[in-house]
Amino acid sequence: MLDDLRPCVGAEIVDGKSLAMSIQSEVAEGVTEFTSRGVKPHLAVVIAGDDQASHVYVRNKERACQKCGIMSTKIEMPTTANLDEIIEVVESLNSDPSVHGILVQSPAPDGVDELQIASSILPQKDVDGFHPINLGRLVQGYSDGLLPCTPSGVMSILESTGVELEGSRAVVLGRSRIVGMPMSLMLAQKGSDATVTIVHSRTSEIESICREADILVAAVGSAHMVGPGWVKPGAFVVDVGISRTEGGLAGDVSPDVSEVAGWLTPVPGGVGPMTIAMLMKNTLAAAEMQVS
Ligand code: GUN
């Protein structure tokens, strides 16, 4: 168990940013090798509307592409864009052989069904890993292929610290399609072998369940919701949440959890950069799948 591994002397803050940079360097090497065959990996990002945070995220993705040698194209659409118009753009990217990865930035404009957008992207170009075929492969136990970037990034963070998952108790706070659900599957799948509990807004005694976790992944988007009383001494706490507050960016985990946890991922500088690194990895993998 983790509390045997890590004495409680204040959490080690896990540097997601430097891990992400080293993964991006590996991707850049792969891209160089791939490009020598005459084709450059190419990511297309569709963004509809003027949500400022989304524009910042998209800019960060473009920068990462530049660093890795991946070509990127941004397609901007107005806030008034409807489902049919977005799907029309996706379909033209699906049939463009020079595009290997397609991502439609969330949130979509009000009233636009993101599930239908996810289903419209060709599975082999679905670098977000949200297409039902890619999520279905994860349920079937495949750990290769295009998997959702944020939970993949969390798995990579856990691996990098050498923490033992087999036999551990993991609690995932949040049941979203993008993070909570795929995260739970990855932690439970063969090879990871954690015993996973998912808790959410309707769970009773949520705090005491979280306190049993060796690995606690918080992914609800509620600033500083997880306090020290939610955390088992020595636990590995992964903070996926990111909220804008008057005091700046805040994770789901209160900073004083660092006095109880064994490991803690910071916000910013923890999971966020890893999500982008995994997107770069998926884009290269998608290009490799499509160009033989
Ligand atoms: N918005 C916030 N995170 C993500 C993500 O991982 N993918 C997409 N498409 N949109 C997002």
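As the structure lists them, so they are numbered: ligands from 1, and atoms in each ligand from 1. Being a predicted model, the structure only gives us computed values, none of them experimental.
Between the side chains of Q105 and K61, at least one donor-acceptor pair of N or O atoms lies under 3.5 Å. Judged purely by distance below 3.5 Å, without hydrogens or angles, the side chains of S72 and H42 never pair a donor atom with an acceptor atom.
Among the atoms of D128, some N or O lies under 3.5 angstrom from an N or O of ligand 1. Residue T275 has no nitrogen or oxygen atom sitting less than 3.5 Å from a nitrogen or oxygen atom of ligand 1, judged on distance alone. Of the polar atoms of T150, none of the N or O atoms is found under 3.5 Å from an N or O of ligand 1, judged by distance alone.
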(request) Could you check T150 against M274 for side chain to side chain contact (heavy atoms under 4.5 Å, CB included), going step by step and ending with a plain yes or no? (result) CA-CA 7 Å; T150 299; M274 288 298 291; over 6 Å; no
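Counting protein heavy atoms only, atom 10 (N) of ligand 1 is closest to S106 N, 2.9 Å.
With rounding to the nearest 0.5 Å, the separation of CZ in F130 from CD1 in I117 is 11.5 Å.
A salt bridge is defined here as a Lys NZ or Arg NE, NH1 or NH2 lying under 4.0 Å from an Asp or Glu carboxylate O, and E114 with R177 meets this definition.
Contact atoms of ligand 1 toward Q105: 1 (N), 2 (C), 9 (N), 10 (N), 11 (C) (distance under 4.0 Å to a heavy atom of the residue). Near L103, with a cut-off below 4.0 Å to any heavy atom, the atoms of ligand 1 are 9 (N).
Contacts between V104 and ligand 1 below 4.0 angstrom, taking non-hydrogen atoms only, involve the backbone exclusively.
By the 30° and 60° cut-offs, the orientation of the rings of W263 relative to F236 is parallel.
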